[in-house]
Amino acid sequence: MELSSQYSARDVEHKWYTFWRERGYFKPSMDPSAPTFSIVMPPPNVTGVLHVGHALNNTWQDILIRFHRMLGDNTLWLPGTDHAGIHTQMKVDELLRSQGIDRREIGREAFIDEVWRWKEKYGGEILRQVEKLGASVDWSRLRFTMDQGLSKAVTEVFVRLYEEGLIYRGYYITNWCVSCRTALSDIEVEHEDEPGTLTYLRYPLDQEEGFVVVATTRPETMLGDTAVAVHPDDPRWKHLIGHHVRVPLIDRVIPIIADAYVDPEYGTGAVKVTPAHDPNDFQMGQRHHLPQIQVIGEDGRMTEEAGAYQGLDRQQARAQILQDLEALGVIEKAEALVHSVGHCEKCGTVIEPLVSLQWFVRTAPLAEPALAAVRSGDIQFVPQRFEKIYTNWMENIRDWCISRQIWWGHRIPAYYCDHCHEVTVARTAPDSCPVCHGPVHQDEDVLDTWFSSALWPFSTMGWPEETTDLAMFYPTSVLSTAYDIIFFWVARMVMQGLHFTGERPFATVLLHGLVRDSQGRKMSKSLGNGVDPMDVIEKYGADALRLALVLSSAPGNDQRYSDERVEAASRFANKVYNAIRYVRMNLPEGFTPQAVTMDNVEDLWIVQKLNQTTQHMTEWLKDFEFGQAARAIYDFLWDDYCDWYIELTKIHMRENPETSSNTLSMLVFVAEQALKLLHPFMPFVTEELWQSLPHQGDSIMVAPWPSPQNLPANRAQDVMDRVQSLIRTARNLRAEVNLPPGQRVHFQMVADDAETLADWQMEAAAIREMVRAQDISWHVKAEGAPKPHHALTGVCQGGSVYLPLEGIVDLAVEQARVQKTMEQTQRELERVEKQLADQKFRERAPEPVVAKAQEQRLELVARMERLKERWEDLQ
RNA sequence: GGGCGCGUAGCUCAGUGGUAGAGCGCUUGCUUCACACGCAAGAGGUCACAGGUUCGAUACCUGUCGUGCCCA
């Protein structure tokens, strides 16, 4: 069969994914005697599409999963999606509006039906993209946060927390998005530094002369001021504490209070207090029992309390108020400044702090065990430094606002009596009020999406039922996610997991960095610099994308995406493809590999390299060092297997056709092992190639992970080092004078001792071919080796290479060349000798380091000697 | 203001207590019977700076500068 010289990922990837899935390889073995390895996939938004960050994270997880599956573990990777409350609602709302439908007109139920319909139609998109990536997830266990089972878990958790007094409802200042029209938790607010104006306003004193100057960046809130606060020890204001001022424009009389919160350094040291519109003022208001006057409504417009300004948008109101204040002459001055402004994470609108009735989780009691689990090392962060971010947050945790004023999500299981207003929190809706038997209605709000995400590791496995999956796969082994989600998700999973199952939800939290664009900028819609992984896969293949992402990633570090890297990775796929193509082309029809005998240097050498690669990779994969592991197999396949081993076997088979069957078996054996090592990184191409070679078993993905081969003690590594050094030196001489590769020349190889000569001669045929020699004369230095006059000189490990070129070599030039090499060698020698002359070094440095230096010295001394002699010969 | 990263070849990045590596780019030569998405040979770095620990620091510690992120 004619095989293309170019590998086409597009033609094979889909085929193998279907093959794997149909054979059920993605499902766990359920073997109770095997170690268990489980991961729950961080659920992407059901409305979303895969971005490069997902691609990286899913690649990491797939590497772990495939590695452990090959190790023989009972391995589960559970996929799923998240209902993404606000985001999805906005998306469907937008769609309906484009059709001229207002969700408020069709009502809650009809709208939710629309969302479900939308989810069924488009919600699978991201999962199809996960497939394209090659993710070996168990599709039979696919979950969605709004599934019945998971919803049941949500209700159960809410009810239990309520019964334990860990959920409460109360009036509190929360972050309100006037665009999304819902409350948000603290971490859903993004703070950004923005230019603003600090306006200094004169509030005239009531019943006396003079005024107090307060500074504010939000003059429109003055209509809701209920006090002016100063620091209790501030000498400038101390005498006015307890006096009153009049708020301009509305003429409200408010007290001057003393509160240590006030920073005397900021502004004038006196601040206006608006308890209904600022979180700090709210706290102060509580301390001093100040009234709350809401002047901005949930729609971002001024309320009735704002008097003449009622109905104005907050921005318009600010402009109007400033104008009016100006007219009144109460503006003392205005300063430009940069200050931090909170924005809605979802829509970017400036947050309006508002007092409203919301549900909260009392987090302190949950945080305590969550903190302990990480401190004790029961849960480990990779990289470890993120522990600190986690513990800092946990130590300063604030209550979690969990109610959202939207329709799409888990509705809060709280029921209110229409008569006596009794609140009933229950697993199932009560028919009537348990107190007065009056009619009840359910809370209109839904829960924060993260409330259900926090239960993901166990709700997906059937909790609160005691299922087999829960017993077998929970706690999970690893949670892999981005570091920017530690607070939103990781922390809350730990809290809920420990509280409800008594066990950590996962043993390891593995964190990856952000994937940025090629210029290091965050990928974003507004910049239009996002990279669609599907385009990349279409162009280069999923394997290439995976390898490229893994090669340039280290845990916790951001990385840049660039097409060039993916291209490099696809070239590697092509390289491996061609290596295997070469092996196949040499296999006779119906060839069955036999048990190999390793009777020559290159065989022993390549297996030794393979062993090292296997050992390192196994360790690195266990330590989550995917980049290191990928680099190891990349180098092994390209440098060791392709550039040296295959080339050596070509010569070997030509010289020893009678043993070619063994050589072919070796080629197949090493290739198969290497493909297995590469498989977690590049599942498709490795399957394609593995299937094309003689093999045992049905799929590489269920083949056992390689373990190092037993080898007899041997010197293959040393021999190959010397041989490679000799070949490189000889090739270097050729290149120096631009000898065309076709031109066969005569070489003289002079070894320092008989042992080196013997080593070289073990690979004499290979050396002859690889340096393109007409013939080679072999010598040992001591035995009166020839001293060719008109020859290029090269020094290598253990000896010299001469390339006699009558008529081409200029003695003076060659002398200068040798001189230059001598100088170089001399410098190195001096360094080593200085080190060895230091008694402290010999005493305190570890023995192998000293030995190595001594060895180095000997080699350099010998090299110097050779060069000196040569230099004299050239005189 | 507090915390955490990063600063290594032209570019993008790995990495290690024993004075440095990759990919891309660059130079030279090659259609050598797996691969020109290739082969071979090369050029290119006082590992940001200053102290300290150490026999030895690019790596560990302290500080400085530059840069990025998170929290308040």
Side-chain angles (χ1 to χ4, degrees), chain A residues 3-8 186-187 190-191 263 265 279-280 340 383 385-389 391-393 396 398 483-484 486-487 513-514 516 518-522 540 544 547-548 550-554 556-586 625 627-628 630-632 634-635 638-639 641-643 646-647 650 654 667 727-743 769-772 828 831-832 834-846 848-853 856:
Chain A
L3 279 173
S4 160
S5 68
Q6 270 171 41
Y7 171 66
S8 171
D186 292 333
I187 53 178
E190 284 181 349
H191 293 272
D263 176 9
E265 305 291 314
N280 292 314
S340 173
R385 66 185 140 87
F386 287 101
E387 263 181 38
K388 215 167 178 178
I389 292 178
T391 49
N392 277 346
W393 189 72
N396 302 301
R398 281 181 287 177
Y483 62 69
D484 59 355
I486 292 175
F487 308 141
L514 266 50
R516 299 167 175 280
S518 60
Q519 289 157 57
R521 299 172 306 182
K522 222 167 167 168
Y540 300 103
L547 186 70
V550 166
L551 275 173
S552 47
S553 66
N557 286 5
D558 288 358
Q559 61 178 298
R560 297 183 192 200
Y561 171 88
S562 73
D563 270 341
E564 288 79 52
R565 285 192 193 169
V566 185
E567 206 182 308
S570 74
R571 282 211 285 268
F572 174 66
N574 192 57
K575 182 75 182 174
V576 178
Y577 166 82
N578 272 293
I580 303 302
R581 185 167 76 107
Y582 163 77
V583 173
R584 285 184 58 195
M585 279 165 48
N586 281 278
E625 294 281 3
Q628 301 257 60
R631 238 164 272 130
Y634 183 100
D635 290 344
W638 202 312
D639 299 344
Y641 188 71
C642 291
D643 288 352
I646 287 183
E647 296 306 319
K650 283 180 185 172
R654 219 174 298 155
L667 279 165
I727 290 171
R728 286 198 182 101
T729 306
R731 282 170 166 174
N732 175 281
L733 294 182
R734 295 187 61 113
E736 201 105 15
V737 289
N738 276 339
L739 277 184
Q743 191 175 334
E769 272 315 300
M770 295 181 106
V771 306
R772 312 241 105 207
E828 281 178 56
R831 201 195 66 235
V832 177
K834 191 181 155 207
Q835 197 174 33
L836 282 166
D838 188 348
Q839 201 184 333
K840 282 179 184 165
F841 171 74
R842 277 177 289 134
E843 279 168 6
R844 297 186 200 181
V849 173
V850 179
K852 197 181 156 200
Q856 238 170 12

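A quick note: this is a predicted structure, and the numbers were derived from the prediction, not measured. Convention: sequence-line order gives letters A, B, ...; per-chain numbering from 1.
The distance from atom NZ of A:K650 to atom C1' of B:rC39 is 10 Å, rounded to the nearest whole Å. Distance NZ (A:K388) to P (B:rC71): 17 Å, rounded to an integer number of Å. Per the geometry, CG belonging to A:L836 stands 15 Å off P belonging to B:rG56, to the nearest Å. With rounding to whole Å, A:D558 atom CG is found 18 Å from B:rU67 atom P. Taking atom CG of A:D639 as the reference point, atom P of B:rA41 lies 11 Å away to the nearest angstrom. Spacing between atom CZ of A:R731 and atom P of B:rG42 amounts to 10 Å, rounded to whole angstrom units. Going from atom CZ of A:R560 over to atom P of B:rG68 covers 11 Å, rounded to whole Å. In this entry the distance linking CD1 of A:I646 with P of B:rA40 reads 12 Å, nearest Å.
Within the nucleic acid shown, A:D838 comes within 4.0 Å of sugar-phosphate atoms alone, with no base atom in reach, counting heavy atoms only. Base contact: A:A845 has a heavy atom under 4.0 Å from a base atom. Within the nucleic acid shown, A:N557 comes within 4.0 Å of sugar-phosphate atoms alone, with no base atom in reach, counting heavy atoms only. Note on A:D484: nothing from the nucleic acid sits closer than 4.0 angstrom, heavy atoms only. Within the nucleic acid shown, A:Y7 has no heavy atom closer than 4.0 Å to any nucleic acid atom. No engagement by A:R654 is indicated, since no non-hydrogen atom pair under 4.0 Å with the nucleic acid exists. Within the nucleic acid shown, A:S562 has no heavy atom closer than 4.0 Å to any nucleic acid atom.
Phosphate proximity of B:rC39 to A:W638: present, with a side-chain N or O under 4.0 Å from OP1 or OP2. At the phosphate of B:rC24, OP1 or OP2 sits under 4.0 Å from a side-chain N or O atom of A:R571. Phosphate contact (OP1/OP2 of B:rG42, side-chain N/O of A:N732, threshold under 4.0 Å): present.
Each of B:rA14, B:rA72, B:rC69 was ranked by its minimum atom distance to the side chain of A:H191; first place goes to B:rA72. Nearest to the side-chain atoms of A:N392 among the listed nucleotides B:rG18, B:rA34, B:rG3 stands B:rG3. Checked against B:rG68, B:rA72, B:rA34, the side chain of A:A579 finds its nearest nucleotide in B:rA34. Side-chain proximity of A:N574 to B:rG15, B:rA34, B:rC35: nearest is B:rC35. Here B:rC4 is the nucleotide among B:rC4, B:rG38, B:rA36 with the atom lying nearest to any side-chain atom of A:R385. Among B:rA41, B:rA34, B:rG23, the nucleotide with an atom closest to any side-chain atom of A:Y582 is B:rA34. The side chain of A:E625 has B:rG15 as its nearest neighbour among B:rG15, B:rC70, B:rA41. The side chain of A:R516 lies closest to B:rC69 when the candidates are B:rC69, B:rC24, B:rG38. Picking from B:rA72, B:rA34, B:rG18 the nucleotide with the shortest atom distance to the side chain of A:Q835 gives B:rG18. Candidate nucleotides B:rA40, B:rC35, B:rU19 were compared by shortest atom distance to the side chain of A:R831, and B:rU19 ranks first.
A donor-acceptor pair under 3.5 Å is absent between the side-chain atoms of A:R560 and the main chain of A:S552, judged by distance alone. At distances below 3.5 Å, not a single donor-acceptor pair connects side-chain atoms of A:D838 with backbone N or O atoms of A:K834. No donor-acceptor pair closer than 3.5 Å links the side chain of A:N557 to the backbone N or O of A:G513. A donor-acceptor pair under 3.5 Å is absent between the side-chain atoms of A:R772 and the main chain of A:G742, judged by distance alone.
With hydrogens and angles ignored, a donor-acceptor pair under 3.5 angstrom links the side chain of A:E647 to the base of B:rA34.
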Margin query: Go through it in stages, so that I can follow the logic: the residues are A:W393 and A:I486, the test is side chain to side chain contact (heavy atoms under 4.5 Å, CB included), and I'd like the CA-CA distance, side-chain angles, deciding distance and then a yes or no.
Written below: CA-CA 9 Å; A:W393 189 72; A:I486 292 175; over 6 Å; no

Item checked: Residue pair A:D563, A:Y561: steps toward the side-chain hydrogen bond (donor to acceptor under 3.5 Å, both in side chains) verdict -> CA-CA 7 Å; A:D563 270 341; A:Y561 171 88; 2.7 Å; yes

Check: Are A:N578 and A:R581 close enough, and set up right, to give a side-chain hydrogen bond (donor to acceptor under 3.5 Å, both in side chains), and what steps lead you there?
Finding: CA-CA 5 Å; A:N578 272 293; A:R581 185 167 76 107; 3.0 Å; yes

Next item on the list: Take A:V576 and A:Y641 through the side chain to side chain contact (heavy atoms under 4.5 Å, CB included) test and state the conclusion after the steps.
Entry: CA-CA 10 Å; A:V576 178; A:Y641 188 71; over 6 Å; no

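Look at the C1' atom in both B:rG25 and B:rA57: the space between them is 31 Å, to the nearest Å. Comparing the P positions of B:rU64 and B:rU28 gives a spacing of 48 Å, expressed to the nearest Å. Spacing between B:rG44 and B:rA9 at atom C1', rounded to whole Å, works out to 6 Å. On the P atoms, B:rA22 is 12 Å away from B:rA43, given to the nearest whole Å. Using atom P as the reference point in both B:rC24 and B:rA20, the two lie 23 Å apart (nearest Å). Taking atom P on both nucleotides, B:rG17 is separated from B:rC61 by 12 Å, rounded to a whole Å. Comparing the P positions of B:rU31 and B:rU19 gives an interatomic distance of 40 Å, to the nearest angstrom. Between B:rG10 and B:rG1, the distance separating the two C1' atoms is 40 Å to the nearest Å.
Between A:M585 and A:Y483, it is A:M585 whose nearest contact on RNA chain B lies nearer the 5' terminus. Two residues, A:V583 and A:L551, neighbour RNA chain B, and the one matched to the more 5' nucleotide by heavy-atom proximity is A:L551.
Below 30°, between 30° and 60°, or above 60°: for A:Y577 and A:Y7 the angle between ring planes is between 30° and 60°, a tilted geometry.
Between A:R571 and A:K575, the closest side-chain pair of non-hydrogen atoms is not below 4.5 Å.
Taking a pair as Watson-Crick or G-U wobble with both distances under 3.5 Å, RNA chain B forms stems of 3 or more consecutive pairs at B:1-7 with B:65-71, B:10-13 with B:21-24, B:26-30 with B:38-42, B:48-52 with B:60-64.
The shortest non-hydrogen separation linking A:A730 to A:V771 is CB-CG1, 3.5 Å.
In A:Q839, the CD atom is not crowded: 12 or fewer heavy atoms of neighbouring residues, nucleotides or ligands sit closer than 6.0 Å.
Here A:E828 does not pair with A:R831 in a salt bridge; the nearest charged N to carboxylate O distance is not below 4.0 Å.
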Taking only N/O atoms, report every protein-nucleotides 28-30 of chain B pair under 3.5 Å with atom names and distance.
{"unit_1": "B:rU28", "atom_1": "O2'", "unit_2": "A:N738", "atom_2": "OD1", "d": "3.3"}

